[in-house]
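Just below is one structure, and these are the notes that go with it.
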2 protein chains.
Amino acid sequence: MRDDGRVTSAATRRRMSAGELAIWRALVDTTAELRRILGAQLLRDSGLSPADYHVLLALSEANGGRLRSSELAAEIDWERSRLSHHLGRMERRGLIRRDDCSTDNRGAEVSLTEDGTRMFRGATAPHARAVKRHFADALTPEQFEALDDILRTLQNHLHPEQAAITREDLHV
Amino acid sequence: MRDDGRVTSAATRRRMSAGELAIWRALVDTTAELRRILGAQLLRDSGLSPADYHVLLALSEANGGRLRSSELAAEIDWERSRLSHHLGRMERRGLIRRDDCSTDNRGAEVSLTEDGTRMFRGATAPHARAVKRHFADALTPEQFEALDDILRTLQNHLHPEQAAITREDLHV
DNA sequence: CAGATTTGATTGACACGTCAATCATATGCT
DNA sequence: AGCATATGATTGACGTGTCAATCAAATCTG
């Protein structure tokens, strides 16, 4: 609920202003540029693409460094097909392994290889530094707070059903 | 320059906090989801991909609906190779045309076809509505203002040399 | 239990993006 | 003019993402 009494998901009749559209475009452009810069840097520093990094991060945080393929997909919010293609490429490069699942013969268990673990560990620090340098160093604490609020608002708008969870935690 | 006296580009010694990293990840995830949703919607509504739309927008805003290939690339900030590939695909579909440039025999002039013009016009309104519905409707005016500020700050950080230009136009 | 349906995962086709190499024309230099 | 170099643009190879189709194993249902 907001000052004017509208609920987040309520449709309003007015058209979107040019300024709002411009901010949308700026958001897309700026985040695309940041992703491009940080992705290229990550690749140079570690030989891993952002997608590789994302997969390895989820696996390394999982218990025993192994996950069912579908759990992994849910964890990083990827389509199964996309994950399957990407795991194929990562398997070819020796970053991960796929074994048959003992409890479900349809399933696959994805696990980190030693190479994958090592490459991921090597990538973490430089990547964090790059994010800091290109993104975090630019913003004030107030801007971080505002951005956090905006992103939560957008997420709540995209997924209204999960909106209540964080509501309690903030502003009491 | 900021309240604490640091200049935007100054390196700070402290490490990036976990919260800042989380906000970076939320920014990437949320914008990716928005792009995915709006891109799929655009494609369903109009048969145009976001990339198609971007190219057609730049062309339709250009004088006479035609631009040199390199000018177009600069306009939308794409690599030439990317543009060349994409123009090839768009040309096959009859959305644009490439003619030899009269003043420079190396150059190509890109122009809108009637089909391209028509498809672009048809795509504009539903696309704006979708951006409004999924993005603009979520945010308050204050959040827009904060986001605008954050995006400008990030742009200035990415391109320090151009930092002064927009400063005059706003807030007098 | 047999047959239909659902689920976990992969595949193929194709659009998209990046990098390095290429090619032809223009331009600069002596 | 002649040659090196710049520039405008394209190409090929390859990694990536999406959609629809496929396939096998599991589960549901009569």
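Just so you know, these numbers come straight off a predicted model, no measurement behind them. Note on naming: letters A, B, ... go to the chains in the order of the sequence lines (proteins, then strands), and numbering restarts at 1 for each one.
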Query raised in the report: Under a 4.0 Å N-O cut-off, is there an ion pair linking A:R66 with A:D99?
Result: yes
Query - Salt-bridge contact B:R36-A:E79 (side-chain N to carboxylate O under 4.0 Å) - result: no
Rounding to an integer number of Å, can you tell me how far [X] [atom1] sits from [N] [atom2]?
| X | N | atom1 | atom2 | answer |
| --- | --- | --- | --- | --- |
| B:L83 | C:dC19 | CG | C1' | 16 Å |
| B:R36 | D:dT16 | CZ | P | 19 Å |
| A:D100 | D:dA26 | CG | C1' | 15 Å |
| A:E79 | C:dT10 | CD | C1' | 14 Å |
| A:L48 | D:dG15 | CG | P | 14 Å |
| A:H86 | D:dT18 | NE2 | C1' | 15 Å |
| A:D99 | C:dT10 | CG | P | 12 Å |
| B:R93 | C:dC14 | CZ | P | 15 Å |

Report task. If the plane angle is over 60° it's perpendicular, under 30° parallel, otherwise tilted; pick one for B:Y53 and B:F120. Result -> tilted
Query raised in the report: Would B:H86 and B:R89 count as having a side-chain donor-acceptor pair, cut-off 3.5 Å?
Result: yes
Query raised in the report: Between B:R82 and C:dC16, is there a side-chain N or O to OP1/OP2 distance below 4.0 Å?
Result: no
Query raised in the report: Counting only side-chain N and O atoms of B:S70, is one of them less than 4.0 Å from OP1 or OP2 of D:dA9?
Result: yes
Query raised in the report: Can you check C:dA24 for me, syn or anti if syn means within 90° of 0?
Result: anti
Query raised in the report: Considering heavy-atom distances to DNA chain C, does A:G107 or B:P50 have its closest nucleotide positioned more toward the 5' end?
Result: A:G107
Query raised in the report: Mapping A:H85 and A:N105 onto DNA chain D by nearest heavy atom, which one lands closer to the 5' end?
Result: A:H85
**Report entry** Whichever of B:S81 and B:R106 has its nearest DNA chain D nucleotide further upstream toward 5'
**Finding:** B:R106
Starting the side chain at C-beta, find the nucleotide from [options] nearest to [X].
| X | options | answer |
| --- | --- | --- |
| A:S84 | D:dC19, C:dT11, C:dG17 | C:dT11 |
| A:R98 | C:dT10, C:dG17, D:dT10 | C:dT10 |
| B:W78 | C:dC16, C:dG17, C:dC19 | C:dG17 |
| A:D104 | C:dC16, D:dG17, D:dA25 | D:dA25 |
| B:D52 | D:dG8, C:dG8, C:dC16 | C:dC16 |

**Report entry** Mate of D:dT27 where both pairing distances stay under 3.5 Å, Watson-Crick or G-U
**Finding:** C:dA4
Query raised in the report: Between atom CZ of B:R152 and atom CD of A:Q143, what is the distance when rounded to the nearest 0.5 Å?
Result: 12.5 Å
